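One structure is given below, encoded as structure tokens.
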Amino acid sequence: MTNTQQLIRAVAEADSPARMIATVQKLAAAQDEAAIPTLIAVFGYNNPTAAVAAVSGLTQLGEVAVPQLLQQIDDYNYGARAYSIRALAAIADPRALDVLLASAATDFAPSVRRAAAKGLGNLRFHKLDNPERQQAQVKALETLMFISQDPDWSIRYAAVVGLQNLAKIPELQQQILAKFAEILANDSEHSLRARVQLAQKQVLVSS
């Protein structure tokens, strides 16, 4: 614990971007729950490399980091919020469902919405009991279907990635494949169409 406190202090005292990166990487590698608040705080420091290291550290800590990540989402700094959502998406704990749903559908920042959309497809729904599990899966599906029609093609792209992962759930597969066919018939964005075709192949191969 003493060593972790020293590492936390080193992050607070970092006097250059390079030193900030180095200290955050060391703190993330410590894998100590006591580091969670500091790693989350790093998201707001305007140092992308340090923030990515913090995301990695929180992801490795896993489920134990989820309550604080949910409590400390930054409503004012969309960059910091995007890193929090990326961490929650990577951990894939279903306790993040409501935050991911709201972020994917309504956040004003595209980076936040994209991270949330991808995260919705990866949640570990098996940790939930029925009927809560089925309700959560349907909510994720409905939200991804909705944002697959977003005016921003990058949001639509992220929705396709989320839908591809969600298609691992057999009960949802036919609806998702039908949505992919609809996108191919109606969307003119070349890169999105290519991503849908890849998703179709992956779903069919894995089914």
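Just so it is clear, the model here is predicted, and its values are computed rather than measured.
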Under the side chain to side chain contact (heavy atoms under 4.5 Å, CB included) criterion, do Trp153 and Asp187 qualify, and how do the steps go? CA-CA 9 Å; Trp153 77 267; Asp187 202 305; over 6 Å; no
Does the side chain to side chain contact (heavy atoms under 4.5 Å, CB included) test come out yes or no for Val64 and Leu61, once each step is laid out? CA-CA 6 Å; Val64 70; Leu61 279 165; 4.1 Å; yes
With salt bridge (charged side-chain N to carboxylate O under 4.0 Å, His left out) as the test, would you mind laying out the steps for Arg124 and Asp93 before giving the verdict? CA-CA 6 Å; Arg124 294 173 181 164; Asp93 190 300; over 6 Å; no
Step-by-step salt bridge (charged side-chain N to carboxylate O under 4.0 Å, His left out) determination, Glu182 to Lys179: CA-CA 5 Å; Glu182 179 186 320; Lys179 172 54 74 173; 3.1 Å; yes
Can you list the steps and then say if Leu163 with Leu141 is a side chain to side chain contact (heavy atoms under 4.5 Å, CB included)? CA-CA 7 Å; Leu163 285 168; Leu141 177 64; 3.9 Å; yes
With side chain to side chain contact (heavy atoms under 4.5 Å, CB included) as the test, would you mind laying out the steps for Val138 and Glu142 before giving the verdict? CA-CA 6 Å; Val138 168; Glu142 288 175 344; 3.5 Å; yes
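Between Ala109 and Arg81, the closest heavy-atom pair is CB-NH2, 4.4 Å. Across all non-hydrogen atoms, the minimal contact from Leu128 to Ala136 is CD1-CB, 3.7 Å. Listed here is the closest heavy atom pair of Ile85 and Ala116: CG2-N, 3.5 Å. Nearest heavy atoms, Ala167 versus Gln173: O-NE2, 3.1 Å. Among all heavy-atom pairs drawn from Ala92 and Asn122, the shortest one is CB-O, 3.4 Å. In terms of heavy-atom proximity, Ala117 sits nearest to Ala104 at N-CB, 4.0 Å.
At a threshold of 4.5 Å between non-hydrogen side-chain atoms, the residues Ser148 and Ile183 count as touching. By the 4.5 Å heavy-atom criterion applied to side chains, Asp98 and Leu101 are counted as neighbours. Counting heavy atoms from C-beta outward, Leu166 and Leu120 have side chains that stay 4.5 Å or more apart. Looking only at side-chain heavy atoms (C-beta outward), Tyr45 and Val24 stay at 4.5 Å or farther from each other. The shortest distance between side-chain heavy atoms of Phe43 and Leu69 falls below 4.5 Å.
Distance CD/Gln197 to CG/Leu192: 10.0 Å, rounded to 0.5 Å. One finds the CG atom of Leu97 at 10.5 Å from the CD atom of Gln137 (value rounded to the nearest 0.5 Å). Atom CG of Leu198 sits about 9.5 Å away from atom CZ of Phe180, to the nearest 0.5 Å. Rounding to the nearest 0.5 Å gives a distance of 4.5 Å between CD of Gln72 and CD1 of Ile40. Atom OG in Ser191 sits 9.0 Å away from atom CZ in Arg156 (nearest 0.5 Å). For the atom pair CD of Gln164 and CG of Leu144, the computed distance is 12.0 Å after rounding to the nearest 0.5 Å.
Between Arg19 and Asp15 there is a salt bridge, since at least one side-chain N of the basic residue sits less than 4.0 Å from a carboxylate O of the acidic one. Under 4.0 Å is where a charged nitrogen must lie from a carboxylate oxygen, and between Asp152 and Arg113 no such pair does.
Few gaps surround CZ on Phe125; more than 12 heavy atoms of other groups in view lie less than 6.0 Å from it. Within 6.0 Å of atom NE2 in His126, more than 12 heavy atoms from other residues, nucleotides or ligands are found, so the atom counts as buried in its surroundings. Around the CZ atom of Phe108, the shell of radius 6.0 Å holds more than 12 heavy atoms that belong to other residues, nucleotides or ligands.
With Ser103 contributing its side chain and Leu100 its backbone, the two residues share no donor-acceptor pair below 3.5 Å. A donor-acceptor pair is defined here as one N or O able to donate and one able to accept, closer than 3.5 Å; no such pair exists between the side chain of Arg195 and the backbone of Tyr157. No donor-acceptor pair under 3.5 Å is formed between the side chain of Gln174 and the backbone N or O of Glu171. Listed for the Arg86 side chain is no donor-acceptor partner under 3.5 Å among the backbone atoms of Ala115. Although no hydrogens or angles enter the test, the distance criterion places a donor-acceptor pair under 3.5 Å between the side chain of Arg193 and the main chain of Leu184. The closest donor-acceptor contact from the side chain of Asp32 to the backbone of Ala35 lies at 3.5 Å or more, if one exists at all. A distance-only check finds a donor-acceptor pair linking the side chain of Thr23 to the backbone of Met20 [under 3.5 Å]. Put simply, the side chain of Asp150 never gets that close to the backbone of Ile155: no donor and acceptor are under 3.5 Å apart. Thr106 contributes a side-chain N or O that, together with a main-chain N or O of Ala102, makes up a donor-acceptor pair within less than 3.5 Å. No donor-acceptor distance shorter than 3.5 angstrom exists from the side chain of Arg114 to the backbone of Ala158, with no hydrogens or angles considered.
Annotation: salt bridge (charged side-chain N to carboxylate O under 4.0 Å, His left out) contacts of Lys127 (sequence neighbours excluded): Glu63.
Ile91 is connected to Ile36 through a chain of hydrophobic side-chain contacts under 4.5 Å among Ile, Leu, Val, Met, Phe, Trp and Tyr, so both are in one cluster. Clustering ILVMFWY residues whenever any of their side-chain heavy atoms sit less than 4.5 angstrom apart, transitively, puts Val161 in the very cluster that holds Leu88. Under a hydrophobic clustering in which Ile, Leu, Val, Met, Phe, Trp and Tyr are joined whenever their side-chain heavy atoms come within less than 4.5 Å, directly or via other members, Val42 and Tyr78 fall into different clusters.
Gln60 and Ser56 share a donor-acceptor pair across their side chains, judged by distance under 3.5 Å alone.
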